[in-house]
Amino acid sequence: MSLFGRIVWVALALLSVSQSYAEEGMWLPNLIGETRLQDMRKKGMKLKAEDLYSTEKASLKDAIVHLGGCTGEMISDKGLFLTNHHCGYGQIQSHSSVENDYLTHGFWAMNPKEELPCPGYKASFLIRIEEVTDRIAPESLAGKPQKERDSVITARKREIIREAVEDQPKGYRASVEGLYYGNQYFLFVYQTYTDVRLVAAPPSAIGKFGGDTDNWMWPRHTGDFCIFRIYADKDNNPADYSPDNVPYIPKRSLVISTRGVRADDFAFIYGYPGRTNEYLVSDAIRYIVEKSNPHKIALRTQRLEVMNGYQGKDPAVRIQYAAKNASVANAWKKWQGESKGIVRMKAIDRKQSLEAQFVRWAADKPQYERLLPRFRDSYARLEPYAFAADYYNEAFRAVELFQYAGRFARLSQDSVQKLAKRTEVHFKNYYMPIDRDIAERMLTAYAEQVPETFQPDILRRNAGRIGEWLKEVFATSVFAAPERLNTLFSEEPENASIRLQKDPAVQIFTAFNDIYRERIADSLKSINVEIARLYTDYMKGLMEMQTDKIFYPDANSTLRVAYGRIEGFEPADGVVYRFQSTLDGVMEKDNPEIYDYDVPEKLRELYDRKDFGRWEINGTVPVAFLASIHTTGGNSGSPVLNARGELVGINFDRCWESTMSDIVYDRDMCRNIAVDIRYVLFILDKYAGAGYLLDEMKLN
Ligand code: ARG
Ligand code: GLU
């Protein structure tokens with residue numbers, strides 16, 4: 001490239017890095033300032049700032065439910081909320097048995113008495129957000145040693161939290177979070193309800209239709225929803241389950257639009273995105289695409305090969321490993337999209353140009369001038385530990401036997417007895433040959449890839465005969481078979497504890513954990529703390545350097561608003577994805593031979609009779625749609641709202657071509673996937689005959 005070409009290229013790259021596209025960003029709702037609001041209104045939003053967030057009167061934020069890892073939304077004044085089927089999966093599963101298999105057949109409570117209490121499942125509402133940077137005063141601690149700094153900040157946080165929750169109604173809790181890498185601090189106050197009951201869940205053949213085959217992909221045909229109801233005491237306050245509790249009356253519930261979505265409509269999402277890393281330096285991204293992701297993906301490919309092999313041969317094993325396979329496959333597929341997207345976007349080059357600009361800008365600023373070389377140095381020192389930790393987590397911890405043995409290894413006799421009662425739960429979904437083959441592949445990879453200093457002796461001693469060694473381990477460990485474990489429980493406690501310590505699986509668990517603790521964990525932690533401090537300064541510097549850019553804070557499981565449009569995209573040359581999928585596509589995929597595509601008989605019948613009721617549009621029923629809204633994990637279950645703030649869909653996924661948006665956002669490729677609310681209503685009304693639930697909702 002000519003010098004001129006290079007300058008132009010760099011300038012263009014810089015432009016695209018520093019320009020914050022409207023669709024990029026996850027904004028704190030209390031900080032939707034004039035600029036942001038104007039942009040949203042220019043793109044079609046009809047709401048005012050106080051409709052989105054207010055502490056004076058009911059606003060949309062009061063309809064948003066935090067479910068820990070997922071989001072939900074209130075849809076009736078009697079405590080009903082919606083979330084994804086995959087978010088409620090654990091609750092649905094825990095109520096399922098062979099006689100009442102709600103995962104397979106679905107569950108519809110036909111009256112309040114039939115609703116199923118879900119002990120331990122909690123629903124929280126955000127009461128308010130308040131900036132508390134002045135009280136944490138990070139600047140006042142600038143010169144202090146890290147330890148002192150951390151302990152002062154922790155003490156100040158604790159004080160703020162104490163004040164926020166004392167003398168408040170029941171169920172109040174609070175947290176103080178550092179945003180923009182600790183340049184600003186915010187207090188989040190929540191109220192948590194603990195009597196939550198399952199009301200409705202479609203069969204997995206609807207709620208999980210397409211399974212892992214379609215996961216992260218378009219076109220999508222999943223009815224990924226389920227419904228819960230929150231109960232409260234007579235004063236509408238949180239209370240643990242009691243038959244005397246009454247449906248919770250939310251401050252605000254959503255109006256549901258039955259009018260659907262059209263191309264280019266304004267849409268926004270209100271919810272709890274988990275984690276993004278939009279301000280990483282190039283060294284960090286290089287580690288992710290060049291080392292971490294390829295190794296983690298390769299390890300999971302091997303695990304999936306083993307699982308798929310055995311699952312394909314035996315239907316019972318297929319069911320046993322369905323959930324485990326799904327969770328391994330989920331991140332595996334996501335990382336592949338992420339790496340591909342980072343490469344396609346030349347994210348490393350872009351970040352390097354930004355960094356070059358930063359270095360020039362910082363040349364006369366002592367506070368910033370050494371930052372980038374220090375990042376380089378810290379990341380170089382971090383890498384061996386990060387790499388060993390990747391293998392510890394993805395290879396060693398992938399072996400169920402070692403993890404299970406580890407749960408017993410350090411326990412007192414009583415707790416062992418408690419675990420003993422639950423062995424059935426573990427072995428119900430355990431198939432030893434899968435675990436043994438995975439163990440062999442994982443430990444072989446560990447021995448080949450991880451430097452010897454991070455390998456426990458027990459692994460080094462057996463490095464030449466891993467297969468044989470593990471055969472012995474699985475043939476003798478009491479944790480590999482329920483009969484063996486039960487004999488252990490019937491022994492005298494002293495003998496049992498000696499046998500426990502001598503068990504080969506316990507020994508392997510202990511050996512890996514010791515190595516991790518002694519050689520990996522401390523350095524990993526201290527270098528990461530050092531890097532976090534560098535980011536605090538880097539973030540501040542970026543904000544001073546790019547004065548015309550509005551920065552949004554990385555997602556950290558706090559409430560955010562993100563917005564964009566209803567739109568499809570072109571994932572590859574010559575391919576166009578339209579924004580809407582319909583029931584026709586469900587039927588195109590229908591195949592009773594393929595588990596993921598086995599459409600329930602009743603849905604087939606409705607389709608054949610074209611019995612769509614009021615949900616028919618152009619001879620079919622809408623199922624899912626795409627939008628260009630910036631989302632991430634944790635946004636599952638989030639409401640997709642139209643310009644008037646009415647519910648039009650439930651977010652449940654992104655396209656895999658989009659998943660690099662956790663690190664770099666691409667307006668042309670980033671699409672989130674939502675189930676169309678009309679499909680939810682159709683399933684409730686025509687499939688389940690639970691149309692009475694619609695009477696509680698406000699349909700527009
Ligand atoms: N990809 C979505 C998410 O990250 C859905 C995962 C659940 N569905 C599945 N087929 N594994 O959570
Ligand atoms: N399915 C994801 C979740 O559970 C959302 C997908 C994503 O955007 O990462 O939150």
Side-chain angles (χ1 to χ4, degrees), residues 23-24 26 64-73 82-90 92-93 103 201-218 220-226 269-278 300 303-304 307-308 311 318 321-338 341 554-560 562 564 589 594-597 624 626-640 649-663 665-666 669-675:
E23 287 81 358
E24 177 175 3
M26 303 172 175
I64 313 302
V65 189
H66 189 19
L67 295 170
C70 279
T71 305
E73 54 276 0
L82 272 173
T83 185
N84 290 143
H85 185 265
H86 81 260
C87 295
Y89 200 82
I92 306 166
Q93 184 171 40
L103 283 177
S204 294
I206 290 173
K208 208 176 178 297
F209 183 78
D212 281 281
T213 317
D214 286 5
N215 191 24
W216 299 112
M217 306 233 281
W218 188 258
R220 194 63 159 276
H221 299 93
T222 316
D224 197 346
F225 79 94
C226 65
I269 281 189
Y270 216 141
Y272 285 91
R275 185 87 211 118
T276 59
N277 292 291
E278 310 286 353
R300 287 195 179 210
R303 283 161 81 185
L304 290 167
M307 288 188 203
N308 292 340
Q311 286 179 279
R318 185 183 52 64
Y321 273 70
K324 290 174 188 171
N325 191 317
S327 81
V328 174
N330 196 41
W332 171 78
K333 207 157 172 180
K334 182 196 155 164
W335 291 327
Q336 295 178 53
E338 180 176 89
D554 268 319
N556 64 346
S557 298
T558 57
L559 188 62
R560 302 300 174 90
K589 286 177 179 170
I594 302 176
Y595 178 75
D596 285 343
Y597 294 137
L626 290 173
S628 52
I629 305 176
H630 194 176
T631 54
T632 188
N635 270 129
S636 273
S638 299
V640 184
I650 314 168
N651 187 68
F652 70 99
D653 212 356
R654 263 178 300 172
C655 294
W656 74 287
E657 297 89 347
S658 323
T659 48
M660 75 290 168
S661 67
D662 293 347
I663 296 172
Y665 185 88
D666 178 357
M669 285 288 183
C670 288
R671 297 295 179 271
N672 62 303
I673 308 177
V675 46

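We count ligands from 1, going down the list as the structure has it; atoms in each ligand are counted the same way.
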Would you please indicate yes or no on a ring centroid separation below 6.0 angstrom for H86 and F652?
no

List for me each residue that meets disulfide bond (SG atoms under 2.5 Å apart) alongside C87, sequence neighbours excluded, and say none if there are none.
C70

Within ligand 2, which atoms have a heavy atom of N635 less than 4.0 Å away?
10 (O)

R318 to Y595 six-membered ring, cation-pi geometry met (6.0 Å, 45°):
yes

Between ligand 2 and G69, is the shortest N or O to N or O distance under 3.5 Å?
no

I would like to know whether R671 and D666 meet salt bridge (charged side-chain N to carboxylate O under 4.0 Å, His left out); could you show each step before the answer?
CA-CA 9 Å; R671 297 295 179 271; D666 178 357; over 6 Å; no

Sidechain-backbone polar pair: N651 side chain, G637 backbone, donor-acceptor under 3.5 Å
no

Under 30°, 30 to 60°, or over 60°: which ring-plane class applies to H630 and Y665, parallel, tilted or perpendicular?
tilted

Among all protein heavy atoms, pick the one closest to atom 9 (O) of ligand 2 and tell me residue, atom and distance.
R654 NH2, 2.8 Å

For ligand 2, is any non-hydrogen atom under 4.0 Å from K334's backbone (N, CA, C, O), its side chain (CB onward), both, or neither?
neither

Per-pair distances, ligand 1 N/O vs protein N/O, less than 3.5 Å:
{"residue": "ligand 1", "atom": "1 (N)", "partner": "N215", "partner atom": "OD1", "Å": "2.8"}
{"residue": "ligand 1", "atom": "1 (N)", "partner": "N330", "partner atom": "OD1", "Å": "3.0"}
{"residue": "ligand 1", "atom": "1 (N)", "partner": "D653", "partner atom": "OD1", "Å": "2.8"}
{"residue": "ligand 1", "atom": "1 (N)", "partner": "D653", "partner atom": "OD2", "Å": "3.4"}
{"residue": "ligand 1", "atom": "4 (O)", "partner": "N330", "partner atom": "ND2", "Å": "3.2"}
{"residue": "ligand 1", "atom": "10 (N)", "partner": "G211", "partner atom": "O", "Å": "3.3"}
{"residue": "ligand 1", "atom": "11 (N)", "partner": "D212", "partner atom": "OD1", "Å": "3.2"}
{"residue": "ligand 1", "atom": "12 (O)", "partner": "H86", "partner atom": "NE2", "Å": "3.4"}

Who passes ring pair (Phe, Tyr, Trp, His ring centres under 6.0 Å) against F225, sequence neighbours left out?
none

Salt-bridged, K334 to D662, with N to O below 4.0 Å?
yes

What residue among D653, T631, N635, T632 forms side chain to side chain contact (heavy atoms under 4.5 Å, CB included) with N672?
T631

Please state which protein non-hydrogen atom is closest to atom 4 (O) of ligand 2 and give its distance, to 0.1 Å?
S636 OG, 2.5 Å

Restricting to side-chain contact (heavy atoms from CB on, under 4.5 Å), what partner residues turn up for D214, sequence neighbours left out?
R220, K589, Y597

Exam field: side chain W216 to backbone N330, donor-acceptor pair closer than 3.5 Å
yes

Number the atoms of ligand 2 from 1 as they appear, then name those within less than 4.0 Å of a heavy atom of H86, with their elements.
1 (N), 3 (C), 4 (O)

C70 N/O under 3.5 Å from ligand 2 N/O:
no

Within a distance under 4.0 Å of any heavy atom of G634, pick out the atoms of ligand 2 and give their elements.
3 (C), 10 (O)

Backbone, side chain, both or neither: what part of N672 comes under 4.0 angstrom of ligand 2, heavy atoms only?
neither

Below a 4.0 angstrom heavy-atom separation, can you tell me which part of W216, side chain or backbone, both or neither, approaches ligand 2?
side chain

